[in-house]
Amino acid sequence: MFSDSTHDIDVVAWLATFGILLCLVAAREFGYWMHRRKIRGGSPEAEDGFTLTSVLGLLALLVSFTFSMSLSRYDSRRELVVAEANAIGTTALRVQLLDANARSELEPLMRAYVAERIVYGKASTEQEQDASYARASRLQNRFWQAMSRGIEPIRTTPLSALVVSATNDMFDLAASRKAARAAHIPTRVLVVLLIYSVFVAFLVGYEKGHARWASTMLFVLLLIAAALILDIDQPVRGAVQVSQQSMLDAQAAMGP
């Protein structure tokens, strides 16, 4: 079922890319047709290279702005993984300061929790991601209850506050990662970029319609850039994934 779903998504993406390329080519041809029609109706006019250059420059600015949005979200997800791994490591170390009975109950829960967080980071579908987060939430509740029992004898000591604060940070960062993975480039930005690209293709056809090969390559490069932007913006299905190595290191530090 999973492979079939992924295959369907890939097919839709390829069809959408091909459809957008056809729209750009059609807009270029329409612009070229308008230019030739105007020439047939009167005297030829000089090419306005300044306008075309300005419009292409603005398109490059819009693409770079969208790429920056996507890359900033990727960096945020990467930094949160490192921060959560550090919080887990801190919590694990502070648990070691508790008595033997508390450690024997908390350490297995910590290992199970870290393993589940790694599964969450490597999830390849939204359904798998949501299921993993739900399991981690249940482990959080069990860990909190066990921790509450473990710090009962030392509730008024500084150690109790240290363990509680580290646990809170660990849980808060899990929620922050969930929010970061759900954040995407606004659809309106992508729609505006697409509409603007169609108008640019029209102007390219109007000004440089005879250079079909060069303009087609321009459209292909534009689509490659757009594909990279969308891929980085997809934390689950994208090919560019955040490394989970820091979480794996935190898991290894806990021992078998």
Side-chain angles (χ1 to χ4, degrees), residues 2 5-6 9-10 13 64-97 106-144 146-147 162-187 189-190 225 227-256:
F2 164 70
S5 176
T6 303
I9 293 172
D10 292 339
S64 63
F65 168 73
T66 309
F67 179 76
S68 177
M69 292 179 62
S70 178
L71 192 60
S72 66
R73 283 167 168 76
Y74 174 84
D75 287 337
S76 177
R77 296 194 300 267
R78 178 180 56 81
E79 291 170 0
L80 284 172
V81 170
V82 176
E84 185 180 12
N86 291 335
I88 288 173
T90 300
T91 304
L93 290 175
R94 292 180 182 179
V95 165
Q96 294 294 321
L97 301 176
L106 289 172
E107 287 176 350
L109 291 174
M110 279 291 297
R111 295 190 184 94
Y113 181 73
V114 175
E116 194 57 59
R117 295 303 294 161
I118 293 173
V119 171
Y120 176 83
K122 294 182 176 180
S124 54
T125 64
E126 281 81 3
Q127 293 79 8
E128 182 181 345
Q129 175 185 258
D130 294 343
S132 177
Y133 189 82
R135 292 192 297 268
S137 297
R138 290 192 291 269
L139 287 170
Q140 287 180 358
N141 293 331
R142 292 175 57 190
F143 186 88
W144 186 266
M147 183 204 65
L162 289 174
V163 174
V164 171
S165 64
T167 304
N168 279 332
D169 290 342
M170 181 175 68
F171 293 167
D172 289 345
L173 284 167
S176 297
R177 280 187 67 191
K178 185 176 186 294
R181 287 169 71 93
H184 299 287
I185 298 174
T187 304
V189 173
L190 298 176
L228 177 61
I229 291 171
L230 294 176
D231 186 83
I232 295 175
D233 194 52
Q234 296 294 324
V236 178
R237 295 192 301 268
V240 181
Q241 292 291 313
V242 173
S243 173
Q244 302 296 310
Q245 187 59 47
S246 56
M247 297 292 288
L248 294 171
D249 292 341
Q251 185 183 45
M254 293 181 186

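Counting from 1, the numbers follow the sequence of the chain as shown.
- For Leu109 against Ala146, the heavy-atom pair with the smallest separation is CD1-CB, 4.0 Å.
- Ion pairing of Glu128 with Lys122 is absent here, as no side-chain N (NZ or NE/NH1/NH2) approaches a carboxylate O to less than 4.0 Å.
- Taken to the nearest 0.5 Å, the CD atom of Gln241 stands 8.0 Å off from the CG atom of Asp231.
- No side-chain heavy atom of Arg117 sits under 4.5 Å from any side-chain heavy atom of Met170.
- Between the side chain of Ser72 and the backbone N or O of Ser68 there is at least one donor-acceptor pair closer than 3.5 Å.
- In this structure, the side chain of Ser132 engages the main chain of Glu116 through a donor-acceptor pair within 3.5 Å.
- Looking at Ile88 and Met254, their side chains come closer than 4.5 Å, going by heavy atoms from C-beta outward.
- The two residues Tyr120 and Lys178 come nearest to each other via the heavy atoms OH-CA, 3.2 Å.
- The cationic group of Arg77 does not satisfy the cation-pi geometry with Tyr74, failing either the under 6.0 Å distance to the six-membered ring centre or the 45° limit from the ring axis.
- Panel note: side chain Asp169, backbone Ala87; no donor-acceptor pair is recorded below 3.5 Å.
- Summarising the geometry, atom OG1 belonging to Thr66 is positioned 9.5 Å from atom CG belonging to Leu230; distances are rounded to the nearest 0.5 Å.
- Annotation: the span from Arg181 atom CZ to Tyr133 atom OH amounts to 12.0 Å, rounded to 0.5 Å.
- With a 4.5 Å cut-off on side-chain heavy atoms, Met69 and Asp233 do not count as touching.
- Scored by the side chain to side chain contact (heavy atoms under 4.5 Å, CB included) test, Ala83 finds Leu173 as partners (sequence neighbours excluded).
- Here Asp172 contributes atom CG and Ser165 contributes atom OG; the two are 11.0 Å apart, rounded to the nearest 0.5 Å.
- Going from atom CD1 of Ile232 over to atom CZ of Arg73 covers 12.5 Å, rounded to the nearest 0.5 Å.
- Ring planes of Trp144 and Phe171: tilted class, angle from 30 to 60°.
- Looking at every heavy atom in both residues, Ser70 comes nearest to Ile185 through CB-CD1, 3.7 Å.
- Using a 4.5 Å heavy-atom cutoff, the side chains of Thr91 and Arg94 are not in contact.
- Ser124 approaches Arg237 most closely through the heavy-atom pair O-CG, 4.0 Å.
- Residues Ser246 and Glu84 fail the side-chain proximity criterion, which asks for heavy atoms closer than 4.5 Å.
- Here the side chain of Thr90 pairs no donor or acceptor atom with the backbone of Ala166 at under 3.5 angstrom.
- Put simply, OH on Tyr113 and CG on Leu106 are 14.0 Å apart, with the number rounded to the nearest 0.5 Å.
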